[in-house]
Amino acid sequence: MKFVLKRRKLGQLMIVSTVVATISNFVKKAVAQTQVQKTTPMLKTSTPQTTKVTLRVNGTAHNLQIEPRVTLLDALREYIGLIGTKKGCDHGQCGACTVLVDGQRINSCLTFAIMHTDAKITTIEGLAQGDNLHPMQAAFVARDAFQCGYCTPGQICSAVGLVNEGHAKSDAEIRELMSGNICRCGAYPNIVTAVRDVLEGKKDAAV
Amino acid sequence: MQPFSYKKAGQAENAVALVAPDAEASYLAGGTSLIDLMKLNVQTPTELVDINPLPLTKIEMQGNGVRIGAMASNSDVAYNAIIQERYPVLSEALLSGASPQLRNMATVGGNLLQRTRCYYFRDTAFPCNKRVPGSGCPAIEGYNRIHAILGGSDRCIATHPSDMAVAMVALDAVVQIRGLKGERSVPLIDFHLVPGDTPEKETVLQHGELIVAVDLPASPFTKRSHYLKIRDRASYAFAMSSVAAALDIQNGIIRAARLAMGGVGTKPWRALEAEKALVNKPANQASFQAAANLAVAGAKPQKYNAFKVELTKRTIVRALATVGEMA
């Protein structure tokens with residue numbers, strides 16, 4: 001019994017440290033992002049049908065040479081190197097790839113990067129201001145609203161979109177309007193609590 | 001995914017001129033259905049014409065009715081004040097469909113044209129008469145729990161997956177279409193086709209024709225309307241059975257009725273006989289039950305979806321009862 005308890009504590013410690021590392025990593029990335037203007041795609045492979053596509057992500061313009069069939073998700077992860085946005089099902093069913101385009105949450109896996117050359121794109125890396133977490137990020141940490149963390153960037157971007165939309169008033173409405181984000185660990189109760197926290201202090205939550 | 005060339009169109013006539021001459025070209029609107037199917041190699045257009053810049057996003061009064069631009073997003077329509085007040089069934093149907101992210105992307109025109117969720121259609125390892133005409137239909141002998149009980153043929157029993165279209169067909173919506181030769185109007189009830197011998201032909205649209213708007217006429221029953229969707233999980237799932245219901249009731253007597261079903265038909269399914277049976281009847285349980293029985297009278301259930309017959313009857317009765325109780 002004692003052993004079990006110890007293991008649990010150790011597990012909790014590990015989770016906490018992973019969370020802290022994850023958060024500090026994406027804060028660092030967000031900072032690096034605003035400083036470096038990348039003009040060369042990370043992936044160097046090219047085919048004759050590539051086109052120049054400029055994406056404005058988290059306030060930085062990125063010039064990419066990509067094919068029209070590259071999804072916004074793949075452009076963010078594989079060409080720009082912003083790997084905070086996750087690829088889950090890649091078919092619009094899980095919500096892990098959720099980003100904000102002109103303040104609206106969308107599934108970045110079901111849209112082509114080339115369609116968004118005039119848009120303002122915000123990913124999980126763009127939510128924090130330096131070392132200051134976005135209120136939704138802070139609420140997710142405070143409420144322990146994740147376990148493995150894989151769906152978390154999508155959950156947070158989706159929740160920020162939900163706040164921008166302004167239609168959720170009750171916990172039931174939060175659940176309904178977060179239904180596009182699946183959490184395999186089942187962290188739903190704490191996600192609802194985190195989103196409710198931000199809704200109650202609404203003005204801090206908009207991007 | 002197969003490679004394709006990409007162009008943006010700023011005006012409807014330019015878009016039509018780009019797509020119409022090329023049989024392998026396709027319009028790209030919200031992309032939520034098309035890109036999904038392109039990843040599966042179910043759809044393989046060689047040229048995409050992005051119509052997102054088209055100025056077709058307005059939702060506005062036209063006469064006593066409403067015109068909805070084909071590029072209005074599902075979210076914009078669902079939360080539009082005119083739609084919520086005058087056509088609640090449409091707002092409810094849209095909000096019961098997909099997820100908020102998908103609703104932000106998906107357009108009205110694209111929603112009408114979305115393809116079936118039949119697993120055999122979506123998997124190129126299987127034959128499918130809709131995808132490869134003449135290759136066969138594994139769903140009829142296979143796992144057909146999600147398939148149609150109404151409007152099927154011996155070639156295809158795939159359902160049309162839209163919620164929005166079910167509400168619109170109940171509201172007598174009219175589709176405005178632009179082609180090379182100008183514009184034409186098609187009532188939504190005639191827009192989708194039952195599979196018959198040609199399940200690959202799903203609508204009356206000719207190649208290159210573009211949906212530019214959907215018109216909703218004014219009618220006395222539209223305010224007293226409701227969408228009820230039954231699905232496998234509480235949210236974010238396709239309908240096992242859904243019902244769009246609208247009633248014009250005066251002094252407890254039904255003067256006009258509209259009833260359409262989703263998740264059970266090979267197209268958004270309007271129950272015309274059941275509607276007729278409701279007229280001049282008291283708005284009570286007995287009338288609703290009689291209408292429900294008529295609505296599924298022609299059902300041909302398959303091995304795994306026989307439950308949909310009883311489920312649909314109960315969904316109809318509950319939806320009509322809810323509408324009957326509305327002020």
Side-chain angles (χ1 to χ4, degrees), chain A residues 47-51 53 66-74 89-119 154-155 157-159 161-162 164-168 172-182 188, chain B residues 1-10 28-53 73-76 78-79 84 91-92 95-107 110 114 117 122 229 231 233-238:
Chain A
T47 63
Q49 297 88 14
T50 61
T51 319
V53 172
I66 55 174
E67 282 191 67
R69 62 179 167 170
V70 173
T71 61
L72 178 59
L73 172 62
D74 287 340
C89 68
D90 209 22
H91 285 276
Q93 297 171 7
C94 77
C97 69
T98 303
V99 299
L100 298 156
V101 173
D102 294 328
Q104 275 205 321
R105 50 179 164 160
I106 66 164
N107 298 111
S108 62
C109 73
L110 284 187
T111 193
F112 296 119
I114 198 169
M115 296 163 71
H116 300 286
T117 49
D118 301 320
Q155 297 277 2
C157 285
S158 187
L162 174 150
N164 289 347
E165 288 156 13
H167 301 300
E173 286 166 334
I174 294 171
R175 281 190 201 98
E176 170 62 33
L177 294 173
M178 286 297 291
S179 67
N181 293 81
I182 310 293
Y188 299 114
Chain B
M1 190 188 297
Q2 300 295 313
F4 55 86
S5 63
Y6 172 92
K7 290 190 180 104
K8 267 191 167 87
L28 171 62
T32 54
S33 179
L34 178 62
I35 297 175
D36 177 35
L37 291 171
M38 286 171 70
K39 287 183 176 187
L40 298 170
N41 287 326
V42 170
Q43 289 191 255
T44 52
T46 56
E47 173 159 319
L48 289 185
V49 176
D50 185 350
I51 53 173
N52 283 285
S73 75
N74 285 195
S75 304
D76 286 347
Y79 290 114
Q84 285 188 315
S91 178
E92 290 170 11
L95 292 177
S96 76
S99 68
Q101 291 96 314
L102 291 166
R103 294 196 292 265
N104 283 343
M105 307 167 81
T107 64
Q114 68 181 296
R117 304 300 294 190
R122 289 173 58 81
K229 180 173 177 178
R231 44 195 155 173
R233 57 185 183 191
S235 182
Y236 195 16
F238 289 94

Taking side chain as everything from C-beta outward and backbone as N, CA, C, O, which of these in [X] sits under 4.5 Å from a heavy atom of chain B? Side chain, backbone, both or neither.
X: A:Thr111; answer: both
X: A:Glu165; answer: side chain
X: A:Ile182; answer: side chain
X: A:Thr51; answer: neither

Side chain, backbone, both or neither: which part of B:Asn104 has a heavy atom under 4.5 Å from chain A?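 For B:Asn104, backbone and side chain are both near chain A.
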Let's test your reading of the structure: which of A:Thr98, A:Ile106, A:Leu177 forms the most heavy-atom pairs below 4.5 Å with chain B?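 Counting heavy-atom pairs under 4.5 Å, the top option is A:Ile106.
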Please find the pair of heavy atoms, one from [X] and one from [Y], that lie closest to each other, and give the distance.
X: A:Met115; Y: B:Ala29; answer: CE-O, 3.6 Å
X: A:Glu176; Y: B:Leu95; answer: OE2-O, 3.8 Å
X: A:Asn181; Y: B:Gln101; answer: OD1-NE2, 2.8 Å

Any side-chain heavy atom of B:Leu102 within less than 4.5 Å of one from A:Leu110?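 Yes - at least one pair of side-chain heavy atoms lies under 4.5 Å apart.
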If you define the side chain from C-beta out and look only at heavy atoms, does anything of B:Lys8 sit under 4.5 Å from A:Thr117? yes
Supply the atom-to-atom distance [X] [atom1] to [Y] [atom2], rounded to the nearest 0.5 angstrom.
X: A:Arg69; Y: B:Ile35; atom1: CZ; atom2: CD1; result: 13.5 Å
X: B:Arg233; Y: A:Ser179; atom1: CZ; atom2: OG; result: 8.0 Å
X: B:Met105; Y: A:Gln104; atom1: CE; atom2: CD; result: 10.0 Å
X: B:Asp50; Y: A:His116; atom1: CG; atom2: NE2; result: 8.5 Å
X: B:Lys39; Y: A:Thr71; atom1: NZ; atom2: OG1; result: 5.0 Å

Is there a donor in the side chain of B:Asp36 and an acceptor in the side chain of A:Gln93, or the other way round, less than 3.5 Å apart? no
Counterpart residues, side chain to side chain contact (heavy atoms under 4.5 Å, CB included), relative to A:Ala172 (two or more places apart): A:Ser170
Parallel, tilted or perpendicular: which fits the ring planes of A:Phe112 and B:Phe4, with parallel below 30° and perpendicular above 60°? tilted
Can you give the donor-acceptor pairs under 3.5 Å from side chains of residues 40-47 of chain B to other protein atoms, not counting sequence neighbours?
| unit_1 | atom_1 | unit_2 | atom_2 | d |
| --- | --- | --- | --- | --- |
| B:Glu47 | OE1 | B:Ser5 | OG | 3.2 |
| B:Glu47 | OE1 | B:Lys7 | NZ | 3.4 |
| B:Glu47 | OE2 | B:Lys7 | NZ | 3.3 |

Heavy-atom pair count under 4.5 Å with chain A, highest-scoring of B:Ser99, B:Ala98, B:Ser33, B:Pro100: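 Looking at each option in turn, the highest pair count goes to B:Pro100.
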